[in-house]
Amino acid sequence: MRANTRLCKQLLAQRRTFSSTTRRLDNYAFIGLGQMGYQMARNLQSKLPPNDTIRLYDINRGAAEKLAQEMSAQQAGGASVHVADSAADASREADTAVTCLPEPQHVKATYESILKDELPTRPGPRLFIDCSTIDPTSSREVAAAVDKALPNGQGHFVDAPMSGGVVGATAGTLTFMLGAPESLVARSEIVLQRMGKRVLHCGPQGAGLAAKLANNYLLAIENIATAEAMNLGARWGLDPNVLANVINVSTGKCWPSEVNNPVPGVVKTAPASRDYQGGFGIGLMRKDLRLAILAAKEADAALVLADKASEVYEIAESEERCKGRDFSVVYRWLGGKE
């Protein structure tokens, strides 16, 4: 009996302790609600505690309002949602701000507007996470601007481009390539893992983008080579399924041959099997290839296949039968049998 009494007293003491050490409420901003950002923001908001706040902004206010309505209608809860009038408005009281924007000039202009006026002091350092795919030099320039505007550790800027496409963004299975000092990795991971499945720390600020662009340069080349090889085999009379099986157990195996095969019907789930709809748009591949070439020139690194690959994607995208489709549509442009 006495043991039970002591246990009850201990439980009551623990409850009092828990109730008196409540978690500090956090404010979030999410800026850029395109195809990727829209889904990322949805996942982030749904996994935040109800007492937190997230402010949304996009140049298309209708997109922000639509998402806010969808978030508010959720039965599962999540952070409270507000639509901001500008990027600066969204970020003013934010402890953590996430940006997901199309081009380097958009990222620079957005952060210029955020940092233009003096930001109020927050209880702890602000964290800006940029998930845009831009060149590392532009990203480092923005990081320097944040350090200048928020000196002495008041604010930090990290790069975290992602891989996984709209499907991954919707399912919350994205992989993020993080460029940040060791001291910011844990805090960044907590936010990013609410929008994705994996966070790969690539090194200091800018390293995430360097890794992303190096990977996508390789992907751009592999995709063209796979399309050429599959077209070559077909013209020699090989069954494309047989050729794909040979490649995928041999040294030519790669993601474009195994997962995103460019020949319709070879991989049922690949964009090629649905008229190249969905997937990774050829325009996005052109953009990433352009950024990789720019970064390579700045690093004095030779990319001997880059110019020809860029030309292939540019010409293919200019044709109506390929425009707006998955980048594996290069196979169609080559004249491959469908």
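Counting from 1, the numbers follow the sequence of the chain as shown.
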Would you mind reporting whether [Y] and [X] have side-chain heavy atoms less than 4.5 Å apart?
{"X": "Arg126", "Y": "Phe128", "value": "yes"}
{"X": "Val146", "Y": "Leu115", "value": "yes"}
{"X": "Asp52", "Y": "Tyr28", "value": "yes"}
{"X": "Tyr38", "Y": "Cys100", "value": "no"}
{"X": "Lys323", "Y": "Ile282", "value": "no"}
{"X": "Cys254", "Y": "Thr226", "value": "yes"}
{"X": "His106", "Y": "Ser132", "value": "no"}
{"X": "Leu213", "Y": "Pro136", "value": "yes"}

(request) Take atom CZ of Arg198 as the centre, draw a 6.0 Å sphere, and report whether it contains more than 12 heavy atoms from other residues, nucleotides or ligands. (result) no

[X] with [Y], same ILVMFWY side-chain cluster at under 4.5 Å:
{"X": "Val98", "Y": "Val142", "answer": "no"}
{"X": "Val199", "Y": "Phe30", "answer": "yes"}
{"X": "Val259", "Y": "Tyr331", "answer": "yes"}
{"X": "Leu289", "Y": "Ile315", "answer": "yes"}
{"X": "Tyr313", "Y": "Leu284", "answer": "yes"}

If the condition is side-chain hydrogen bond (donor to acceptor under 3.5 Å, both in side chains), which residues does [X] pass it with, not counting sequence neighbours?
{"X": "Ser91", "answer": "none"}
{"X": "Gln35", "answer": "none"}
{"X": "Ser86", "answer": "none"}

(message) Applying side chain to side chain contact (heavy atoms under 4.5 Å, CB included), can you list everything that pairs with Ala296, at least two apart in sequence or on another chain?
(response) Ala301, Leu303

(request) Mind checking side chain to side chain contact (heavy atoms under 4.5 Å, CB included) for Leu334 and listing every partner two or more places apart, or none if nothing turns up? (result) Ala227, Glu228, Asn231, Val330

Nearest atoms (heavy-atom pairs only) where [X] meets [Y]:
{"X": "Ala79", "Y": "Gln45", "answer": "O-NE2, 2.8 Å"}
{"X": "Val263", "Y": "Pro240", "answer": "CG1-CB, 3.9 Å"}
{"X": "Asp159", "Y": "Gly208", "answer": "OD2-N, 3.0 Å"}
{"X": "Gly153", "Y": "Pro125", "answer": "O-CB, 3.2 Å"}
{"X": "Ser139", "Y": "Leu209", "answer": "CB-CD1, 3.3 Å"}
{"X": "Met195", "Y": "Leu174", "answer": "O-CD1, 3.9 Å"}

Is [Y] paired with [X] through a side-chain N to carboxylate O contact shorter than 4.0 Å?
{"X": "Arg290", "Y": "Glu103", "result": "yes"}
{"X": "Glu311", "Y": "Lys308", "result": "yes"}
{"X": "Glu112", "Y": "Lys116", "result": "no"}
{"X": "Asp275", "Y": "Arg332", "result": "yes"}

(request) Provide the full list of ring pair (Phe, Tyr, Trp, His ring centres under 6.0 Å) pairs with a residue in residues 254-290, sequence neighbours left out, each pair given once. (result) Phe280-Phe327

(request) Begin from the C-alpha positions of Ile129 and Phe176 and carry the test side-chain contact (heavy atoms from CB on, under 4.5 Å) through to its verdict. (result) CA-CA 11 Å; Ile129 302 176; Phe176 291 94; over 6 Å; no

(request) In sequence, state the C-alpha distance, the side-chain angles, and the governing distance for Val166 and Met36, and then conclude on side-chain contact (heavy atoms from CB on, under 4.5 Å). (result) CA-CA 6 Å; Val166 177; Met36 295 292 290; 4.0 Å; yes

Keeping the roles fixed (side chain from [X], backbone from [Y]), state whether a donor-acceptor pair exists under 3.5 Å.
{"X": "Ser273", "Y": "Thr269", "value": "no"}
{"X": "Arg325", "Y": "Ala272", "value": "no"}
{"X": "Lys47", "Y": "Arg194", "value": "yes"}
{"X": "His201", "Y": "Ala180", "value": "yes"}
{"X": "Asn216", "Y": "Met285", "value": "no"}
{"X": "Asn215", "Y": "Ala211", "value": "no"}
{"X": "Lys287", "Y": "Pro102", "value": "yes"}
{"X": "Ser310", "Y": "Ala306", "value": "no"}
{"X": "Ser46", "Y": "Asn43", "value": "yes"}
{"X": "Asn27", "Y": "Glu93", "value": "yes"}

Inter-residue atom distance [X].[atom1] - [Y].[atom2], 0.5 Å rounding:
{"X": "Ile293", "Y": "Asp135", "atom1": "CD1", "atom2": "CG", "value": "12.5 Å"}
{"X": "Leu119", "Y": "Gln154", "atom1": "CG", "atom2": "CD", "value": "9.0 Å"}
{"X": "Met230", "Y": "Leu232", "atom1": "CE", "atom2": "CG", "value": "10.5 Å"}
{"X": "His156", "Y": "Leu150", "atom1": "NE2", "atom2": "CG", "value": "9.5 Å"}
{"X": "Met177", "Y": "Met162", "atom1": "CE", "atom2": "CE", "value": "9.0 Å"}
{"X": "Ile134", "Y": "Leu294", "atom1": "CD1", "atom2": "CG", "value": "10.5 Å"}

(request) Would you check if there is a donor-acceptor pair between the side chains of Asp326 and Asn260 at a distance under 3.5 Å? (result) yes

(request) Report the residue from Asp95, Thr96, Asp26 that forms a side-chain hydrogen bond (donor to acceptor under 3.5 Å, both in side chains) with Arg122. (result) Asp95

(message) Leu192 vs Glu189, test: side-chain contact (heavy atoms from CB on, under 4.5 Å). Steps then yes/no.
(response) CA-CA 5 Å; Leu192 295 171; Glu189 281 181 337; 5.8 Å; no

(message) I'd like to know whether Leu127 forms a side-chain contact (heavy atoms from CB on, under 4.5 Å) with Val158, so could you lay out the CA-CA distance, the side-chain angles of the two residues, the decisive distance to 0.1 Å, and finally the verdict.
(response) CA-CA 8 Å; Leu127 178 62; Val158 302; 4.2 Å; yes

